[in-house]
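Below is one structure, written out as structure tokens; the observations come after it.
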There are 2 protein chains.
Amino acid sequence: MQLDLDLLYTWGAIAKEYKKGEIIFDEDGLANFYYQIVEGCVKMFNTNDKGKEFTQGYFFDGQSFGEPPLFIDERYPSTAMAFQDTRIIKLTKDKFLKILDEYPAIQKQFLNLMAQRIHSKAVTSKDIINQSPAFRILAFFNTRKKNKGGAPELVPFTRQEIANFTGLRVETVIRALGKMHVEKKIEIKNHKIYY
Amino acid sequence: MQLDLDLLYTWGAIAKEYKKGEIIFDEDGLANFYYQIVEGCVKMFNTNDKGKEFTQGYFFDGQSFGEPPLFIDERYPSTAMAFQDTRIIKLTKDKFLKILDEYPAIQKQFLNLMAQRIHSKAVTSKDIINQSPAFRILAFFNTRKKNKGGAPELVPFTRQEIANFTGLRVETVIRALGKMHVEKKIEIKNHKIYY
DNA sequence: CGGTTCCTTGAGGATGATCAACGAGGGTGG
DNA sequence: CCACCCTCGTTGATCATCCTCAAGGAACCG
């Protein structure tokens with residue numbers, strides 16, 4: 001899902017650069033803007049009392065994120081952070097909602113987007129809860145591989161990030177990856193993971 | 001979210017009774033209908049290879065369920081089962097989508113509903129993953145208590161159901177509940193839980 | 001009263017978390 | 001080019017927690 005940049009600018013949107021690691025919005029913060037990535041990558045995550053992180057998802061070029069609270073008057077359930085240097089275009093909540101009212105076709109696209117998100121969250125939950133480390137890791141790899149069954153591709157995540165997404169610890173991920181390599185479920189060359 | 005019954009019947013919807021335990025649709029099945037509960041309760045869940053169940057959610061009187069796949073041409077990520085004897089009204093996918101096209105106000109309501117669902121799934125994930133049994137259980141209780149902070153209410157779920165929702169085992173739930181009782185986080189009278 | 005479902009307890013085991021070191025690689029500045 | 005730093009990866013030992021298995025007990029209902 002991606003709104004036309006000209007349209008956004010016409011409605012008064014502004015672009016902003018976020019450095020890698022910079023926070024875009026905070027868990028429990030009020031939702032005042034629609035955000036769309038022009039270029040870069042954003043991570044949404046939670047942190048528990050013991051400081052352990054859980055990654056809710058990643059968003060890339062052209063994708064919007066953090067929309068649900070705009071529709072339902074809730075606070076953000078997670079924190080959003082620039083995962084790399086990222087250029088984001090933002091529009092105020094009320095103008096965004098006006099665009100939706102004005103263009104039913106766009107509203108429909110967002111409906112589809114929300115449906116897509118629910119679907120993938122349901123799949124992610126079921127893949128993480130009640131499952132072995134290897135299963136969780138493979139599920140994670142699968143969600144971000146387009147051409148399933150194709151040649152193994154480099155997995156562009158650190159072991160720590162894999163851990164954060166799967167709810168495991170780094171060491172557990174490393175040991176699981178080792179076993180998966182032996183079982184030929186993945187490739188590891190020079191510390192790099194291919195799947 | 002709930003569509004007007006007259007409207008549904010006008011468009012050719014039909015009502016159907018499901019006995020407790022009856023399957024309404026299966027994980028990986030095609031999505032051909034819009035479902036709305038007239039009276040009763042429906043549980044959505046997954047089962048892993050070892051037969052362990054994970055409850056994705058419960059739906060009650062007046063609520064619709066299983067909509068996302070209708071919008072995005074995906075299969076059901078979970079199974080839906082009547083949790084009690086339940087009367088459900090169903091409408092074919094194409095007619096449902098036509099209603100949305102015809103009534104932008106309804107489309108908007110569904111957009112809000114989907115946003116609500118994403119929000120609660122995000123909250124549920126963060127509450128379950130990386131947390132202690134007691135924390136998970138309390139989070140579960142909180143999601144289904146309207147008047148937070150009010151007098152303790154009877155929790156209408158068996159320990160097995162609590163386990164299924166929190167990704168724990170029955171025995172773990174029982175032991176955690178015992179400890180929570182001692183710590184006065186919950187009430188237990190005659191095996192019944194109050195929170 | 002008998003059957004069914006749900007709850008409870010204990011013992012033992014498996015698994016992932018934790019803690020503590022250390023190794024490898026890549027980039028930077030002297 | 002080398003020394004340094006910083007991030008990321010790795011390993012082993014130990015621990016805590018939750019799961020598993022097995023056996024009964026309690027509550028409820030026809």
Side-chain angles (χ1 to χ4, degrees), chain A residues 19-21 43 47-55 81 83-85 127-140 154-183 186-195, chain B residues 19-21 43 47-55 81 83-85 128-138 140 154-183 186-195:
Chain A
K19 286 285 163 207
K20 176 176 179 175
K43 177 172 75 171
T47 311
N48 76 5
D49 356 311
K50 293 188 230 76
K52 190 172 172 191
E53 185 181 316
F54 169 58
T55 304
M81 172 191 274
F83 191 58
Q84 312 162 358
D85 291 357
D127 282 344
I128 288 182
I129 299 170
N130 291 339
Q131 300 288 4
S132 69
F135 190 102
R136 298 190 199 193
I137 293 171
L138 283 180
F140 173 61
L154 178 67
V155 176
F157 291 95
T158 67
R159 279 133 230 255
Q160 183 62 60
E161 286 151 12
I162 298 171
N164 291 343
F165 196 95
T166 52
L168 301 166
R169 297 258 104 168
V170 209
E171 299 93 330
T172 305
V173 168
I174 287 168
R175 292 189 248 256
L177 287 173
K179 202 178 297 179
M180 289 157 76
H181 181 214
V182 170
E183 294 166 352
I186 57 170
E187 282 300 312
I188 298 184
K189 280 178 201 151
N190 198 17
H191 298 169
K192 291 185 180 56
I193 305 161
Y194 297 86
Y195 177 73
Chain B
K19 284 287 164 206
K20 176 175 179 174
K43 176 171 75 172
T47 311
N48 75 6
D49 355 311
K50 293 190 230 74
K52 190 171 171 190
E53 184 180 316
F54 169 59
T55 304
M81 172 190 275
F83 190 59
Q84 313 162 357
D85 291 357
I128 288 182
I129 299 170
N130 291 340
Q131 300 289 2
S132 69
F135 190 102
R136 298 190 200 193
I137 293 171
L138 283 180
F140 173 61
L154 178 67
V155 175
F157 291 95
T158 67
R159 279 134 230 255
Q160 183 62 61
E161 285 151 14
I162 297 171
N164 291 343
F165 197 95
T166 53
L168 300 166
R169 297 257 100 167
V170 209
E171 299 94 328
T172 304
V173 168
I174 287 168
R175 293 189 248 256
L177 287 174
K179 202 178 297 180
M180 291 158 76
H181 181 213
V182 170
E183 295 164 352
I186 58 170
E187 282 300 310
I188 298 183
K189 281 177 198 151
N190 197 15
H191 298 169
K192 290 184 180 57
I193 306 162
Y194 297 86
Y195 177 75

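Chain letters run A, B, ... following the sequence lines, proteins first, then strands; residues in each count from 1.
C:dT8 atom C1' lies 17 Å from atom CG of B:Leu168, rounded to whole Å. Put simply, CD on A:Glu171 is 11 Å from C1' on D:dG12, counting in whole angstrom units. As rounded to whole Å, 8 Å separates atom P of D:dC18 from atom CZ of B:Arg136. Regarding A:Ile193, its CD1 atom lies at a distance of 15 Å from the C1' atom of C:dG25, rounded to whole Å. For the pair B:Lys50 NZ and D:dC18 C1', the interatomic distance rounds to 13 Å; values are reported in whole Å. Counting to the nearest Å, the P atom of C:dA24 and the CD1 atom of A:Ile174 are 14 Å from each other. Rounded to an integer number of Å, the gap from CZ of B:Phe157 to C1' of C:dC7 is 18 Å. Here the P atom of nucleotide C:dA17 and the CD atom of A:Glu53 are 15 Å apart, to the nearest Å.
To the nearest 0.5 Å, atoms CZ (A:Phe135) and CG (A:Asp127) are separated by 5.0 Å.
Listed nucleotides: D:dA27, C:dT9, D:dC18. Nearest to the side chain of B:Pro133: D:dC18. The side chain of A:Thr158 lies closest to D:dG9 when the candidates are C:dA17, C:dT9, D:dG9. Candidate nucleotides D:dT20, C:dG16, D:dT10 were compared by shortest atom distance to the side chain of A:Arg159, and D:dT10 ranks first. With C:dT9, D:dC18, D:dA13 as the candidates, the nucleotide lying closest to the side chain of B:Thr172 is D:dC18.
B:Lys192 comes within 4.0 angstrom of sugar-phosphate atoms only, judged by non-hydrogen atoms across all strands, and of no base.
For the pair B:Lys52 and D:dC18, the criterion of a side-chain N or O lying under 4.0 Å from OP1 or OP2 is not met. Checking the phosphate oxygens (OP1, OP2) of D:dT10, a side-chain nitrogen or oxygen of A:His191 falls inside 4.0 Å.
Side chains of B:Asn164 and B:Gln160: a donor on one and an acceptor on the other come within 3.5 Å.
Toward the 5' end of DNA chain C, the nearer of the two residues A:Asn190 and A:Arg169, judged by each one's closest nucleotide, is A:Arg169.
With respect to A:Lys19 and A:Asp85, a salt bridge is recorded, a charged nitrogen being found less than 4.0 Å from a carboxylate O.
Checking side-chain atoms of A:Gln131 against main-chain N and O of A:Ile128 turns up no donor-acceptor pair under 3.5 Å. The main-chain N or O of A:Ile174 is never found under 3.5 Å from a side-chain atom of A:Arg159 such that the two would form a donor-acceptor pair.
For C:dT18, the base has a donor-acceptor partner in the side chain of A:Arg175 [N/O atoms by modelled type, under 3.5 angstrom].
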